[in-house]
Amino acid sequence: MATRETGSVPELPEVETVRRQLAPHVEGRAIAAVTIDDPRWCAPDAPAATAAALRGRTVRALERRGKHLIWRTDAGTLLLHLRMTGVLLVDPEPDAPYRRVEIAFDDGPTVWFCDPRRFGTGRWFADPGAADAHLDARLGPEPLSDAFTGDALRAALRGRRAPVKSLLLDQRVVAGVGNIYADEALFLARVHPLRAGGAVTPAACRALVDAIRTVLLAGIDAGGATIDDFRHVDGVTGGFQDDFLVHRRAGEPCPTCATPVARRVVGQRATYSCDRCQTPPRGAPAPLEGGRRAGPILRG
DNA sequence: CGACACTCCTGATGGC
DNA sequence: TGCCATCAGGAGTGTC
């Protein structure tokens with residue numbers, strides 16, 4: 001049995017992969033029982049109320065918006081977010097650790113939401129329109145949709161003085177991009193992460209849109225190719241982390257020009273770039289010392 | 001409103 | 001070998 005890479009924090013490609021894998025298990029099925037072990041998961045709503053609302057609902061469609069997993073039912077919508085370390089397991093081993101929620105289906109699987117750091121969330125909306133409004137208030141365009149254009153990105157960055165890297169992580173600028181794919185896309189587009197958002201040229205915005213699409217699609221391809229079961233929290237095969245160009249590669253040669261990859265902290269996030277391929281703005285601080293690796297890659 | 005610090009949480013890591 | 005401070009990070013909140 002193949003095992004699954006949980007390696008990186010889930011971003012759009014990982015959530016999309018989960019959606020594709022999970023959908024055939026849950027769509028069209030009715031929820032028989034829900035157990036919420038961790039009240040933080042559905043806060044500020046009470047676990048009992050959330051569990052009661054879900055019980056008896058039939059899942060009509062499993063969708064995704066940004067990094068949110070949308071469970072559309074016959075009467076209401078659940079918005080689930082994996083955050084840092086959340087995973088969904090289908091018919092898990094009984095000793096799978098860190099269970100926070102169990103959803104048992106009629107004539108179907110049991111799904112566990114497991115999450116060691118307990119950052120993951122699940123919010124129930126009896127009114128589906130309220131769920132969509134909740135998302136629309138927090139999320140910018142879907143990066144793989146026609147709405148995400150160079151002009152749209154340019155408009156979102158115009159006048160902003162914060163580093164473009166930080167702005168790409170702002171879900172209102174573009175939905176679904178996280179720390180890994182932001183670094184990779186900036187490298188592909190040859191835009192330095194420290195450049196002020198408002199100083200990114202229209203041409204660079206177009207390149208950035210293309211690059212974001214490229215890295216997200218590559219991530220989806222890698223996830224789809226390597227994630228093939230939901231039974232184990234730990235254990236792993238392959239994954240996009242083997243394909244990073246600069247992310248978590250401080251000190252290693254740039255794949256384009258062999259200059260050592262630079263590491264900095266931008267917006268309180270580890271940030272990797274090639275300071276030759278991606279021209280730093282004037283006054284950019286020097287990279288951090290050494291080629292030492294960043295933090296741990298969490299496995300399960 | 002924008003920018004930024006802080007907070008949540010816990011496993012992995014590295015220095016001593 | 002063991003202890004323990006530090007780090008990682010999505011997104012919400014608070015401050016200026």
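Within every chain, numbering begins at 1; the chains are lettered A, B, ... in the order of the sequence lines, protein sequences first and strands thereafter. No hydrogens, no waters, no symmetry mates; every other heavy atom, side chains included, goes into these values.
Looking at A:R29 and A:D107, no side-chain N of the basic residue comes within less than 4.0 Å of a carboxylate O on the acidic one, giving no salt bridge. Taking the charged nitrogens against the carboxylate oxygens, A:R40 and A:D115 have no contact shorter than 4.0 Å, which rules out a salt bridge.
Taking the six-membered ring where tryptophan is involved, the planes of A:H68 and A:H134 are perpendicular, since the angle between them exceeds 60° and thus also 30°.
Put simply, A:R138 has a side-chain N or O that comes within less than 4.0 Å of OP1 or OP2 on C:dG12. At least one side-chain nitrogen or oxygen of A:H81 sits closer than 4.0 Å to the OP1 or OP2 atom of C:dA11. For B:dT10, the OP1/OP2 oxygens have no side-chain nitrogen or oxygen of A:Y98 closer than 4.0 Å.
Rounded to whole Å, the distance from CD on A:E11 to P on C:dA11 is 9 Å. Spacing between atom CG of A:N179 and atom P of C:dA8 amounts to 10 Å, rounded to whole angstrom units. For the pair A:I180 CD1 and C:dG9 P, the interatomic distance rounds to 8 Å; values are reported in whole Å. Regarding A:R83, its CZ atom lies at a distance of 17 Å from the P atom of B:dT7, rounded to whole Å. Distance, A:D115 CG to C:dA11 C1': 14 Å, rounded to whole Å. Taking atom CZ of residue A:R161 and atom P of nucleotide C:dC16, one finds them 19 Å apart after rounding to whole Å. Look at CG on A:D38: it is 13 Å from C1' on B:dT10, rounded to the nearest Å. The distance from atom CZ of A:R117 to atom C1' of B:dC8 is 11 Å, rounded to the nearest whole Å.
The side chain of A:R160 approaches B:dA3 more closely than any other nucleotide in the set C:dA8, B:dA3, C:dA11. Of the candidate nucleotides B:dA3, B:dC9, C:dG9, B:dC9 has the atom nearest to the side chain of A:R40. When distances are taken from the side chain of A:P163 to each of B:dC9, C:dA11, B:dC4, the shortest belongs to B:dC4.
Between A:T259 and A:C274 the shortest heavy-atom distance is CB-SG, 4.1 Å.
Judged by distance alone, with hydrogens and angles left aside, A:R248 brings no side-chain donor or acceptor close enough to the base of C:dA8 to form a pair under 3.5 Å.
The 5' end of DNA chain B is approached more closely, in terms of each residue's nearest nucleotide, by A:L167 than by the other of A:R269 and A:L167. Taking the nucleotide of DNA chain C with the nearest heavy atom to each of A:H134 and A:F119, the more 5' of the two is matched to A:F119. Residues A:R172 and A:Q268 each lie close to DNA chain B; by heavy-atom proximity, the contact nearer the 5' end of the strand is made by A:R172.
A:L144 and A:F148 fall within a single hydrophobic cluster, where Ile, Leu, Val, Met, Phe, Trp and Tyr are joined by side-chain heavy atoms under 4.5 Å apart, directly or via other members.
Residue contacts for A:R118: at a heavy-atom cut-off of 4.0 Å it reaches the sugar-phosphate backbone alone, with no base atom in range.
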